[in-house]
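Inspection log for the structure reproduced underneath, given as structure tokens.
Side chains are part of it too, since the values below use all heavy atoms of this structure and drop only hydrogens, waters and symmetry mates. Computed from a predicted structure; not experimentally measured. Count residues from 1 along the sequence.
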Amino acid sequence: MTRSITLAEALAAAPVVLDGGMSNQLESAGHDLSDELWSARLLAERPEAITEAHLAYFEAGADVAITSSYQATFEGFAKRGIPEERAAELLGLSVELAREAAVRARDNGVTRPLWVAASVGPYGAMLADGSEYRGRYGLTVAELEAFHRPRLEVLAAAGPDVLALETVPDADEAEALLRAVRGLGVPAWLSYSVSGDRTRAGQSLEEAFAPAAEADEVIAVGVNCCAPEDVDGAVETAARVTGKPVVVYPNSGETWDAGARAWSGRSTFTAEQVIGWQRAGARLIGGCCRVGPAAITSIAGTLGEQGRA
């Protein structure tokens with residue numbers, strides 16, 4: 001599919017709308033995600049369900065679909081008896097399914113530019129024990145780079161518009177990811193999971209965002225999978241430290257209990273919050289866990305008043 005402008009060009013021109021949570025959209029369609037592979041399991045078992053989830057977000061107003069590869073790793077698939085060659089096929093399939101959804105959205109009358117972001121979750125997502133919300137895995141930067149590089153190579157070869165280095169809890173892991181994307185020929189965004197004004201591992205956001213300022217591959221930097229209340233300060237810091245467009249896609253405000261594998265609390269996310277984020281420098285805006293198509297429609301409508309790509 002021909003795209004009139006790159007995502008980086010679009011971000012320079014106007015706000016761009018991200019999709020919402022893949023897992024909650026799949027669960028709302030009746031799919032059980034209660035295993036370690038999470039939504040990545042459906043790449044092998046029900047790929048059409050993933051296409052439908054992407055399509056729902058495109059039709060709700062999202063300009064960018066984030067693939068279902070967040071928890072898809074060679075190591076994670078190996079635990080399920082899936083060999084390396086098949087795992088590589090499934091990683092590539094995650095990009096193909098999002099592309100297919102974009103084509104179907106076009107067929108259904110969507111005329112605006114649409115892009116695909118290949119999700120690259122943190123090392124802790126593979127462990128499936130909640131450590132992606134803590135970081136500090138006991139691995140060196142070099143070891144983390146060696147973990148991330150093979151799947152980044154496969155995802156880049158599948159031809160996404162951008163690599164989404166997302167939900168990163170630790171500045172050391174961000175350094176590893178920034179090393180791993182060098183030379184792949186695909187732009188990336190880097191987004192941390194934060195608590196207050198620090199990464200989940202406890203580093204200051206000034207320290208965490210700084211390396212992205214010098215990384216030519218990075219077209220946006222920001223936060224995701226955090227409470228909406230933590231976004232405001234992070235947007236200002238990311239814009240000030242890096243001078244790059246800011247990406248934000250928080251959770252609904254509910255809290256994930258890794259032991260119970262369930263959400264608790266109430267939603268505090270509102271579409272109106274995005275105006276403040278946009279004014280502070282956010283250009284790529286959507287939602288993460290528990291933020292569904294209805295919320296994305298509201299975000300798209302709100303940002304539409306400011307002008308979109």
With a 4.5 Å heavy-atom cut-off, do [X] and [Y] have their side chains touching?
| X | Y | answer |
| --- | --- | --- |
| Asp232 | Glu236 | no |
| Cys226 | Tyr249 | no |
| Leu165 | Trp189 | no |
| Glu75 | Phe147 | yes |
| Val248 | Leu284 | no |
| Val95 | Leu155 | yes |
| Asp172 | Arg136 | yes |
| Leu127 | Ser131 | yes |

Least distance between heavy atoms, [X] atom then [Y] atom:
| X | Y | value |
| --- | --- | --- |
| Ala208 | Thr199 | CB-CG2, 3.6 Å |
| Arg151 | Ser69 | NH1-O, 3.7 Å |
| Asn24 | Val291 | ND2-O, 3.6 Å |
| Pro83 | Gly81 | CD-O, 3.5 Å |

Euclidean distance, [Y] [atom2] relative to [X] [atom1], rounded to 0.5 Å:
| X | Y | atom1 | atom2 | result |
| --- | --- | --- | --- | --- |
| Arg283 | Ile219 | CZ | CD1 | 12.5 Å |
| Ile275 | Ile299 | CD1 | CD1 | 10.5 Å |
| Leu11 | Ile5 | CG | CD1 | 8.5 Å |

Residue pair [X] / [Y], side-chain donor-acceptor N/O under 3.5 Å:
| X | Y | answer |
| --- | --- | --- |
| Gln25 | His54 | no |
| Arg198 | Ser204 | no |
| Glu132 | Tyr123 | no |

Practice prompt. Show the numbers, then the answer: is there a side-chain hydrogen bond (donor to acceptor under 3.5 Å, both in side chains) between Glu143 and Tyr137?
Written response: CA-CA 11 Å; Glu143 288 170 330; Tyr137 313 116; over 6 Å; no
Which donor-acceptor pairs under 3.5 Å do side chains of residues 179-186 form with protein atoms, sequence neighbours excluded?
residue, atom, partner, partner atom, Å
Arg179, NH2, Glu175, OE2, 2.9

Worksheet entry | Non-neighbouring partners of Glu229 that pass salt bridge (Lys or Arg N to Asp or Glu O under 4.0 Å), sequence neighbours left out | none
Fill in: Ion pair check, Arg104 and Glu52, cut-off under 4.0 Å
yes
